[in-house]
Student: 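Sharing a structure, written as structure tokens. Questions coming.
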Amino acid sequence: MRSLYASLYEAAFYRGYERLRHRTTWRWLDLLHESERWPRERLEAFQLAELQHLLAYAATASPYYRELLARPGLRPSEIRSLADLERIPPIDRETFRRESPRMLVPEHAGTAIWKSTGGSTGTPIRFALDRGSNDWRTAAMLRGYGWAGVREGLPTVHLWSGAVAGAKPVGRMGRLKKQAHHRLVRRLDLDIFALSEDTAPAYLEAMARFGARHLVSYGKHLYHLARMIERRGLEVPRLESIVLGAEKVTREEVAVIERVFGCPAFETYGCREVMLIATQCERRGALHVTMENLVVEVLREDGTRAAPGEVGEVVVTDLHNYAMPFIRYRTGDVARVGGPRDVCACGRAHATLSEVEGRIVDVLRTLDGRVVPGNFFPHLMKEFDAVARYQVYQPAVRRVEVSVVLDRALTQEEEARLRGEIERVLGPTVDVAIRQVESIPLSATGKHRVAISDVREADVERARREGEGALA
């Protein structure tokens, strides 16, 4: 019956509603269902055609790209193959932050959808996308999640980031529309940042009461929940599949999640700037790149393309964002290129990533049983445009230090809101120190880590025993 509802929802409501609102999501989803069976040559030909169209548009409409793509060798007419894209210099987050006003296409300024990201590398940015690009991203997500059996209209729980206190308020009408939409698509949102030893039973009960068939969750945090369930012998809802995102998980951690929840877990990889980059199909092997919406390159340190099996930095080109083009955008993530062993038995010809290695973010642990993912801080920091760079460090169970590099001084209200939100999520057992610094050092490997914790589970248990001994 529920599958029948999902089919009726898609056919009778969503497609009709999309047409009424002049959206193109289902047009692109139909294309994606067709193209996933195309041979590699046809996928690459489609990419090249979309790329050439984007470059021609950016070269005339975007002030930044008008200047860049006027240089010899970079003109759109000279980009005749996907390999020629390598002539265009990659752009990093710092450059994007500085040049984004000039990247914006003026004709889209009044209608663009604005988004912010805290940055998994600690550098927040604000960017724009046009409505057509948003439809493409939604379609890519629907297809990718669909490989895991997730469809709108099937009861699905999203154990994801909740609203940050002090963020731009949503009006009453907006809240009502969101609630109505979630009821219609059978979606339940649970705030992952409020998950703790104390709240876990209520979360699991809410999932069971909702009749959840699928779960979409932060990967690392779901692993910690799974261990908590085993440790406390909690009852889990019967699920059909789990989609993991936002955080890197190891194969061993995925195995724990699957054992505890009794269903397959599918890994995905994406970033807020371009959304879904790659995802596992029903075979759950290497991650298939969303080639129809993106050109994904994996580059060595010298800027050349990594060979199959090699590790490099992920660089993406969004083929359909005409409001603020992302052309060879350096994500700061590290991945391994799929090789011959990663050719999927599903028959899809998409390029693959055998593993995404550069998104491991430390978790913070507290005395009262909270396990806070480092990904909370990108979610929080995107609300503070004064913050240019940041890093969070937990040296001890009862202390967390937040270092920030600022473009301008925080107002008293901003600083109070920042501190208040961190203290709300970490709880009363942790002292929070916020300090302004001139710079933040990179790790020994040259990477910037958002969150670093020297605290492990054993340290929390030791601190608890010491506290109980002091009270005895």
Student: Judged by atom type as modelled, is there a donor-acceptor pair below 3.5 Å linking the side chain of Thr268 to the main-chain atoms of Leu244?
Tutor: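 Pair found, side chain donor or acceptor close to backbone of Leu244.
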Student: Using salt bridge (Lys or Arg N to Asp or Glu O under 4.0 Å) as the criterion, list what pairs up with Arg348, not counting sequence neighbours.
Tutor: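 With neighbours one apart ignored, the set is Glu36, Glu282.
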Student: Just verifying a value: how many Å separate Leu367 CG and Glu197 CD, rounded to the nearest 0.5 Å?
Tutor: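 The CG atom of Leu367 sits 12.0 Å away from the CD atom of Glu197.
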Student: Take Tyr329 and Asp92 through the side chain to side chain donor-acceptor pair (under 3.5 Å) test and state the conclusion after the steps.
Tutor: CA-CA 6 Å; Tyr329 175 72; Asp92 59 21; over 6 Å; no
Student: Mind running side chain to side chain donor-acceptor pair (under 3.5 Å) on Ser35 and Glu292 for me, showing each step along the way?
Tutor: CA-CA 8 Å; Ser35 62; Glu292 299 91 337; 2.7 Å; yes
Student: Mark yes or no for whether Arg389, through its side chain, and Val404, through its backbone, hold a donor-acceptor pair below 3.5 Å.
Tutor: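 Pair absent, no side-chain N/O of Arg389 close to backbone of Val404.
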Student: Sequence neighbours excluded, which residues qualify as side-chain contact (heavy atoms from CB on, under 4.5 Å) partners of Val337?
Tutor: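 Here the qualifying residues are Val298, Ala306.
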Student: Flag the pair Arg187 and Glu152 as a salt bridge only when some basic side-chain nitrogen lies within less than 4.0 angstrom of an acidic carboxylate oxygen.
Tutor: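 No, no charged N to carboxylate O under 4.0 Å.
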Student: Just jot down the salt bridge (Lys or Arg N to Asp or Glu O under 4.0 Å) partners of Arg209, sequence neighbours excluded, or say none.
Tutor: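 If we apply the salt bridge (Lys or Arg N to Asp or Glu O under 4.0 Å) test to Arg209, skipping adjacent residues, the hits are Glu205.
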Student: Show every salt bridge (charged side-chain N to carboxylate O under 4.0 Å, His left out) that has at least one partner inside residues 233-242, sequence neighbours left out.
Tutor: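 Listed once each, the pairs are Arg213-Glu240.
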Student: Can a salt bridge be assigned to the pair Arg365 and Asp459 using a cut-off of 4.0 Å between side-chain N and carboxylate O?
Tutor: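 Result for this pair is no, no salt bridge flagged.
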Student: Output yes when Arg417 and Glu413 qualify as a salt bridge under the 4.0 Å nitrogen-oxygen rule, no when they do not.
Tutor: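 Judged by the 4.0 Å cut-off on N to carboxylate O distance, Arg417 and Glu413 do form a salt bridge.
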Student: For the backbone of Val455 and the side chain of Ser453, can you confirm whether one donor and one acceptor N or O come within less than 3.5 Å of each other?
Tutor: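 Answer holds: yes.
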Student: Has Met103 got more than 12 heavy atoms of other residues, nucleotides or ligands less than 6.0 Å from its CE?
Tutor: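 Check passes, neighbour count above 12.
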Student: Classify the ring geometry between Trp147 and His350 as parallel (under 30°), tilted (30 to 60°) or perpendicular (over 60°).
Tutor: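 Ring orientation, 0 to 90° scale: perpendicular.
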Student: Just say parallel, tilted or perpendicular for the rings of Tyr145 and His158, cut-offs at 30° and 60°.
Tutor: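 Rings of Tyr145 and His158: tilted, as their planes differ by 30° to 60°.
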Student: For Arg408, is the CZ atom crowded, meaning more than 12 foreign heavy atoms sit under 6.0 Å from it?
Tutor: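 It does: Arg408 CZ has more than 12 such atoms within range.
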Student: Using side-chain heavy atoms (C-beta onward) and a distance below 4.5 Å, is Gln47 in contact with Leu294?
Tutor: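 Result no, sub-4.5 Å side-chain heavy-atom pair not found.
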Student: Below 4.0 angstrom, N of the basic side chain to O of the carboxylate: do Arg93 and Glu273 qualify?
Tutor: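 Yes.
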Student: For Arg131, what residues pass the side-chain contact (heavy atoms from CB on, under 4.5 Å) criterion, not counting sequence neighbours?
Tutor: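 Per chain and number, Arg131 pairs via side-chain contact (heavy atoms from CB on, under 4.5 Å) with Ile113.
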Student: Hey, would you say the Phe96 and Phe326 ring centroids sit under 6.0 Å apart?
Tutor: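 They qualify: ring centres under 6.0 Å apart.
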Student: Take His288 and Gln280 through the side chain to side chain donor-acceptor pair (under 3.5 Å) test and state the conclusion after the steps.
Tutor: CA-CA 6 Å; His288 297 268; Gln280 288 182 316; over 6 Å; no
Student: Does a side-chain N-to-carboxylate-O contact under 4.0 Å join Arg27 and Asp135?
Tutor: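 Between Asp135 and Arg27 there is no salt bridge, as every charged N stays at least 4.0 Å from the carboxylate O atoms.
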Student: How long is the span from the OG1 atom in Thr279 to the CZ atom in Arg143, to the nearest 0.5 Å?
Tutor: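 These two atoms lie 9.5 Å from each other.
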Student: Restricting to side-chain contact (heavy atoms from CB on, under 4.5 Å), what partner residues turn up for Ala112, sequence neighbours left out?
Tutor: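 Here the qualifying residues are Trp114, Ala128, Ala323.
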Student: Using the rule side-chain contact (heavy atoms from CB on, under 4.5 Å), only one of Leu225, Ile242, Val216 pairs with Leu159; which is it?
Tutor: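 By the side-chain contact (heavy atoms from CB on, under 4.5 Å) criterion, Leu159 pairs with just one of Leu225, Ile242, Val216: Leu225.
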Student: Could you tell me whether Arg227 and Glu230 make a salt bridge, using a distance below 4.0 angstrom between a side-chain N and a carboxylate O?
Tutor: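 Glu230 and Arg227: not salt-bridged.
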Student: With a sphere of 6.0 Å drawn around CZ of Arg305, does it hold more than 12 non-hydrogen atoms of other residues, nucleotides or ligands?
Tutor: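 Enclosed: over 12 neighbouring heavy atoms sit under 6.0 Å from CZ of Arg305.
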Student: Between His214 and Ser241, does a side chain to side chain donor-acceptor pair (under 3.5 Å) hold up when you go through it step by step?
Tutor: CA-CA 5 Å; His214 304 282; Ser241 69; 2.7 Å; yes
Student: Within the 4.5 Å heavy-atom criterion, are His320 and Leu54 side-chain neighbours or not?
Tutor: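 When only atoms from C-beta onward are counted, Leu54 and His320 do not touch, as no gap falls below 4.5 Å.
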